[in-house]
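A short write-up of the structure that comes next.
What you see below is based on every heavy atom in this structure, not just the backbone, and it leaves out hydrogens, waters and symmetry mates. Within every chain, numbering begins at 1; the chains are lettered A, B, ... in the order of the sequence lines, protein sequences first and strands thereafter. Remember, it's a predicted structure, so these values are computed and weren't measured experimentally.
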Number of protein chains: 2
Amino acid sequence: MVASVAVARALDRDLQRQAGLTLAEHHLLAIVNEADPQGIRPTDLALASTLTKSGLTRAVDRLEALGYIGSRVCPSDGRGQLLVLTPKGRQKLRRSAPDFFRSVARHFADYLTDRETETLATAFGRIAAADRA
Amino acid sequence: MVASVAVARALDRDLQRQAGLTLAEHHLLAIVNEADPQGIRPTDLALASTLTKSGLTRAVDRLEALGYIGSRVCPSDGRGQLLVLTPKGRQKLRRSAPDFFRSVARHFADYLTDRETETLATAFGRIAAADRA
DNA sequence: CGGAATAACTTGCGTAGGCAACTAGTTGAT
DNA sequence: ATCAACTAGTTGCCTACGCAAGTTATTCCG
């Protein structure tokens, strides 16, 4: 826990300095970017992220206010929405990517051997998957 | 990050339900418990925990108010303190340990093979150590 | 087709905790 | 001995976010 919190904090600080986004916000943009181009439902986004639904509502509000995310009512369910990246959001993500990857390397990846990275990905993937079961 | 946040949240919830402590607070008690019996300096405790100095000040205030931690002025440095567990704090820790270990097993350790656990401990230990350099 | 039970968000409220500025004690240089 | 530079801890301010209680839309059952 000490290590993972330290890494998260380091990434967060770098991101805020370099892109004006928190780690959580940047992560949301990244998830939306890789999701179905039709858009992603908030509940799914919350599940794929580190936030609860309430945290997500507010984070999405912020990202919408910044113009990085757009939303429209879900055609198949009037209660829900579909969230997509705006062009501005896509651009933001593209532009902040290099710095972000460097940051991940410096604070995390560079400390691991390839074997460790692989083991870690498997193990943590398993845990993340189990958690949603 | 998704996995580690999920695990932390699960442990936190269990601890709050079972012991009325947050994960961070419980962790502080555990660190103090294993430190020099003369006491530990707040700055060292912050470094060994997931908190910054300011977060630590407040967490320690809470734990003192609950009677789990005691403090006295550091004899060798009038600015600082030495923090120790009270008997009540030691008891609290002993009593919450079994539930806590079960919680760690259920949400985390049970998902890992012995090999993975070892790799993980090595790798994360390295990262945590590097971060303080 | 009406009405309970459920699901998708949202919001009110409360709290932990970071940052940066502050206070007070210590050390070191002249 | 004095004064500057540093360090330990604290505090004011602010924000993110979790929980639980709403709201609105949907579904399913009679």
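- The separation between Leu56(A) atom CG and dT10(C) atom P is 9 Å, rounded to whole Å.
- With a 4.5 Å cut-off on side-chain heavy atoms, Leu23(B) and Phe100(B) count as touching.
- Between Arg106(B) and Asp14(B), no side-chain nitrogen of the basic residue sits less than 4.0 Å from a carboxylate oxygen of the acidic one, so the salt-bridge criterion is not met.
- Following rounding to the nearest Å, Leu66(B) (CG) and dA16(C) (P) show an atom-to-atom distance of 11 Å.
- Contacts of Ser54(A) with the nucleic acid, taken as non-hydrogen atoms under 4.0 Å apart, include base atoms.
- In terms of the side-chain contact (heavy atoms from CB on, under 4.5 Å) criterion, residue partners of Arg102(B) (sequence neighbours excluded) are, by chain and number, Pro98(B), Asp99(B).
- Side-chain nitrogen and oxygen atoms of Arg62(B) include at least one within less than 4.0 Å of the OP1 or OP2 phosphate oxygen of dG17(C).
- Annotation: Arg126(B), atom CZ; neighbour count of heavy atoms from other residues, nucleotides and ligands within 6.0 Å is above 12.
- No donor-acceptor pair under 3.5 Å is formed between the side chain of Glu34(A) and the backbone N or O of Ile31(A).
- Side-chain nitrogen and oxygen atoms of Thr43(A) include at least one within less than 4.0 Å of the OP1 or OP2 phosphate oxygen of dC9(C).
- Using a cut-off of 4.0 Å between Lys/Arg side-chain N and Asp/Glu carboxylate O, Lys92(A) and Glu25(A) are scored as not salt-bridged.
- Proximity of Asp61(B) to Thr57(B): side-chain heavy atoms (C-beta onward) are separated by under 4.5 Å at one or more points.
- More than 12 non-hydrogen atoms from other residues, nucleotides or ligands lie less than 6.0 angstrom from CD of Gln16(B).
- dT26(C) atom C1' lies 16 Å from atom CD of Gln81(B), rounded to whole Å.
- Within residues 8-30 of chain A, the residues having any heavy atom closer than 4.0 Å to DNA chain D are, in order of number, Ala24(A).
- Across the interface with DNA chain D, nearest-nucleotide mapping of Leu51(A) and Asp61(B) shows Asp61(B) to be the residue nearer the 5′ end.
- The residue among Gly55(A) and Gly78(A) whose nearest nucleotide of DNA chain D is located toward the 5' end is Gly55(A).
- Contacts of Ser76(B) with the nucleic acid, taken as non-hydrogen atoms under 4.0 Å apart, are absent.
- Counting non-hydrogen atoms under 4.0 angstrom, Ser71(B) reaches nothing in the nucleic acid.
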Check against side-chain hydrogen bond (donor to acceptor under 3.5 Å, both in side chains), Ser71(A) and Glu64(A): CA-CA 8 Å; Ser71(A) 70; Glu64(A) 265 186 298; 2.9 Å; yes
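- If you walk DNA chain D from 5' to 3' and mark each nucleotide with an atom closer than 4.0 Å to a heavy atom of chain B, the marks span dT7(D) to dC19(D).
- Of the candidates dA7(C), dT26(C), dT11(C), the closest approach to any side-chain atom of Asp77(B) belongs to dT26(C).
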